[in-house]
Amino acid sequence: QVQLVESGGGLVQPGGSLRLSCAASGIIRSISAMRWYRQAPGNQRELVATITSSGNTNYADSVKGRFTISRDNDKNTVYLQINSLQPEDTAVYYCNADVVRVGESGYWRNYWGQGTQVTVSS
């Protein structure tokens, strides 16, 4: 089985910064795309950032210029640097990854982490 574990969330004042981490572990052969989603109370889960295995990135318009996604393939870890935090950034942030497992080839399985809470408040 593959597990994704997020960390780095917390309470921060408006204008502050956080760095979220998501470490993948388990029977991993390779990891293709990795993503960060977020879900605020009463809202649908939204995609905020994507990074491919080669390092190409995409961002939602609402976070472009403030969020930076990166990855360390040796550690099977994806990061989300969040700057200039605003109250509307308050949400549970989820890690998502397309993983090819050991013993399998030709396709990937999609996995989710359990989320880490980011709260922006003064």
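Membership of the apolar cluster around V102 extends to I27, as traced through chained side-chain contacts below 4.5 Å between ILVMFWY residues. The other members of the hydrophobic cluster of V100, by chain and number, are W108 (side-chain heavy atoms under 4.5 Å, ILVMFWY only).
At a threshold of 4.5 Å between non-hydrogen side-chain atoms, the residues D89 and R38 count as touching. The shortest side-chain heavy-atom distance between I31 and N76 falls under the 4.5 Å cut-off. The shortest side-chain heavy-atom distance between T116 and L20 falls under the 4.5 Å cut-off. I28 places a side-chain heavy atom less than 4.5 Å from the side chain of V2. Considering only heavy atoms from C-beta on, Q114 stays 4.5 Å or farther from L4 through its side chain.
In the hydrophobic clustering of this structure, V78 does not group with V92; members are Ile, Leu, Val, Met, Phe, Trp, Tyr whose side-chain heavy atoms approach within less than 4.5 Å, directly or through other members.
To the nearest 0.5 Å, atom CG of residue L85 and atom OG of residue S121 are 12.0 Å apart. The distance from atom NZ of K75 to atom OG of S25, rounded to the nearest 0.5 Å, is 15.0 Å. Of the inter-residue distances, the one linking Y111 atom OH with Q1 atom CD reads 7.0 Å to the nearest 0.5 angstrom. Atoms CG and CE, from L80 and M34 in turn, are 12.0 Å apart once rounded to the nearest 0.5 Å.
Counted by atom type alone, N58 and T50 present zero donor-acceptor pairs between their side chains at under 3.5 Å.
Heavy-atom minimum distance, A40 versus A91: N-CB, 3.8 Å. Considering every non-hydrogen atom in both A49 and L47, the closest pair reads O-CD1, 3.6 Å.
Shown here are the side chain to side chain donor-acceptor pair (under 3.5 Å) partners of N43, two or more places apart in sequence or in another chain: there are none. Q117 meets the side chain to side chain donor-acceptor pair (under 3.5 Å) test with T119; sequence neighbours excluded. K64 is linked by a salt bridge (Lys or Arg N to Asp or Glu O under 4.0 Å) to D61, counting only residues two or more places apart in sequence or in another chain. Residues satisfying the side chain to side chain donor-acceptor pair (under 3.5 Å) test with S32, not counting sequence neighbours, are none. Taking N73 as the reference, R71 meet the side chain to side chain donor-acceptor pair (under 3.5 Å) condition, with sequence neighbours excluded. Scored by the salt bridge (Lys or Arg N to Asp or Glu O under 4.0 Å) test, R109 finds E104 as partners (sequence neighbours excluded).
The salt bridge (Lys or Arg N to Asp or Glu O under 4.0 Å) contacts involving residues 13-37 comprise R35-D98, where partners must be two or more places apart or lie in separate chains. Screening residues 10-47 for ring-ring contact (aromatic ring centres under 6.0 Å, His included) gives Y37-W112 as the qualifying pairs, with residues at least two apart or on separate chains. The list of disulfide (SG to SG under 2.5 Å) pairs with a residue in residues 65-122, not counting sequence neighbours, reads C22-C95. Identified under the ring-ring contact (aromatic ring centres under 6.0 Å, His included) test for residues 54-105, with sequence neighbours left out: none.
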Check your understanding: I51 and N56: side chain to side chain contact (heavy atoms under 4.5 Å, CB included), yes or no, with the steps?
Key -> CA-CA 5 Å; I51 185 166; N56 294 323; over 6 Å; no
**Study point:** Q3 and V5: CA distance, side-chain angles, deciding distance, side chain to side chain contact (heavy atoms under 4.5 Å, CB included) verdict
**Key:** CA-CA 6 Å; Q3 185 178 30; V5 179; 3.8 Å; yes
Exercise for review: Before giving the answer on side chain to side chain donor-acceptor pair (under 3.5 Å), spell out for N83 and S17 the whole-Å C-alpha distance, their side-chain angles and the decisive distance to 0.1 Å.
Suggested key: CA-CA 4 Å; N83 297 327; S17 298; 3.0 Å; yes
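For Q81 (side chain) and T68 (main-chain N/O), no donor-acceptor pair under 3.5 Å exists by modelled atom type.
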